[in-house]
Amino acid sequence: MVRREANGIAYVSSGWPLDGAKPTLIFIHGAGGSHVLWQGQVDGLAGKVNAVAIDLPGHGDSKGDGMGTIEDYARAVADFIRAIEAPKPVPCGLSMGGAITQQLLLDHPDACCAGILIGTGARLRVQPLILKTVEEDFSGYVDSFLAFAASEKTDPERLRPISEATARGKPQVALGDFKACDAFDVMERLPSIEVPVLVITSEEDKLTPPKYGIFLEETIKTASRVHIQDAGHLVPAEKPAEVNQVILDFLARAAL
Ligand code: COA
């Protein structure tokens, strides 16, 4: 695994230089998150695709502040994809990262050969209690994070690096992210997407319930959906081998 930076965005890559013959998965984390979410993809997909997991501006090892809107994040990721000259780029986002992926597909189609939407929706209203807890009691939010974001069947030890990375994040950046999600709504625009899209939903996802993914599947005319059992919102880390196989099958079907 290689750590690098481009355009102020820190990222880890399964290898460097990127292989021009393979698709480049650009993994985008959720609100207040970091590249740590995608460790199972960067390791598990190494050698099969170019696997790049980024820290959005203001997150993880990236400098600066967070951004106030999904549009701004999408612009920053599109610039990043161009800067690293990613061969056959396929953005793949969870939750807020999935909102950014939809925005990339809509506003920056030149930066996307396909898209992967995991645990996300075309509209991401946030429960007022989450906003209040992040704003007034960030450590309480971090302590309760796994209880609402993961399945009870997942070994919490497996997710410890993610909660530790969340705890190192800046509270005001996480708050800005949740507000950006709350304002996000591309429900009307999805029919204009033309590249292949994979939607992954999880049986026990309480934050972005499967009905959000069903809406994506039914509204994006190029979408297909896979539903994963015994996993919650953090499915890429809860079920890495299963998610990786679903991604590889999708890329094969899309001839990428
Ligand atoms: N895809 C499909 N349908 C959606 C949707 C999406 N992305 N977002 C909302 N809807 C649906 C809802 O299911 C609801 O349908 P219904 O009336 O048939 O039940 C309707 O559109 C209205 O949705 P919403 O405005 O979100 O409902 P609300 O104002 O009653 O509730 C919340 C607001 C925050 C309580 C609710 O959105 C929620 O529980 N969100 C999930 C939890 C959360 O905070 N997630 C964080 C994501 S970052």
Side-chain angles (χ1 to χ4, degrees), residues 27-34 37 56 58-59 66-74 77 91-106 115-138 140-151 162-163 165-166 169 171-193 197-221 223-227 231-238:
F27 291 106
I28 310 168
H29 58 78
S34 76
L37 171 73
L56 289 166
H59 299 70
M67 295 174 152
T69 67
I70 301 301
E71 287 95 332
D72 285 345
Y73 278 129
V77 177
C92 172
L94 176 85
S95 201
M96 182 181 82
I100 295 167
T101 299
Q102 292 167 71
Q103 203 74 54
L104 280 162
L105 291 164
L106 291 165
I116 302 178
L117 308 174
I118 307 180
T120 194
R123 183 172 180 227
L124 288 176
R125 295 289 308 283
V126 179
Q127 286 184 23
L129 182 62
I130 296 180
L131 291 169
K132 187 174 153 62
T133 310
V134 172
E135 183 160 26
E136 297 175 6
D137 178 17
F138 187 68
Y141 162 73
V142 171
D143 290 345
S144 59
F145 172 66
L146 290 186
F148 60 81
S151 164
I162 296 174
S163 42
T166 305
Q172 73 277 14
V173 171
L175 181 63
D177 287 354
F178 280 112
K179 288 183 173 170
C181 288
D182 200 45
F184 176 71
D185 184 354
V186 293
M187 279 180 142
E188 303 287 325
R189 294 186 61 198
L190 292 180
S192 68
I193 293 174
V197 170
L198 169 67
V199 179
I200 298 180
T201 49
S202 309
E203 187 185 22
E204 297 176 36
D205 189 339
K206 296 189 269 289
L207 288 172
T208 51
K211 75 185 276 186
Y212 289 10
I214 292 168
F215 180 86
L216 293 169
E217 177 190 20
E218 289 175 349
T219 313
I220 302 172
K221 47 185 188 289
S224 59
R225 184 173 66 94
V226 173
H227 188 61
H233 191 57
L234 298 176
V235 61
E238 294 180 68

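Counting convention: from 1, in listed order, for ligands and their atoms alike. If you're wondering where the values come from, they're calculated on a predicted model, not measured in any experiment.
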I need the nearest protein heavy-atom contact for [atom]: residue, atom name and distance, please.
{"atom": "atom 47 (C) of ligand 1", "value": "L207 O, 3.9 Å"}
{"atom": "atom 15 (O) of ligand 1", "value": "K211 NZ, 3.5 Å"}
{"atom": "atom 24 (P) of ligand 1", "value": "R123 NH1, 3.7 Å"}
{"atom": "atom 2 (C) of ligand 1", "value": "M187 CE, 3.5 Å"}

I130, portion touching ligand 1 at heavy-atom distance under 4.0 Å: side chain
Residue A122 vicinity, atoms of ligand 1 by number, heavy atom under 4.0 Å: 7 (N)
Nearest neighbour of atom 39 (O) of ligand 1 from the list M96, Q127, R125, on a heavy-atom basis: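 Of the listed residues, Q127 has the closest heavy atom.
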Nearest candidate to atom 10 (N) of ligand 1, where distance is taken over non-hydrogen atoms, out of Y212, F215, F148: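 Checking each option, the heavy atom nearest atom 10 (N) of ligand 1 is found in Y212.
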Within-cutoff protein neighbour (heavy atom, under 4.0 Å) for atom 32 (C) of ligand 1: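 When distances to the protein are checked, atom 32 (C) of ligand 1 has no heavy atom within 4.0 Å.
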N or O pair under 3.5 Å between C181 and ligand 1: no
From L106 atom CG to I70 atom CD1, the distance as rounded to the nearest 0.5 Å: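 Here the rounded value is 12.5 Å.
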Taking only distance into account, with no hydrogens and no angle test, what donor-acceptor pairs under 3.5 Å do side-chain atoms of residues 130-137 form with protein atoms, sequence neighbours excluded?
residue, atom, partner, partner atom, Å
K132, NZ, E136, OE1, 3.1
T133, OG1, L129, O, 2.6
D137, OD1, G140, N, 3.0

Those residues that, when tested against F138, pass ring pair (Phe, Tyr, Trp, His ring centres under 6.0 Å) (two or more places apart):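 Expected list: Y141.
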Heavy-atom side-chain proximity of R225 to T201 below 4.5 angstrom: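 Yes - at least one pair of side-chain heavy atoms lies under 4.5 Å apart.
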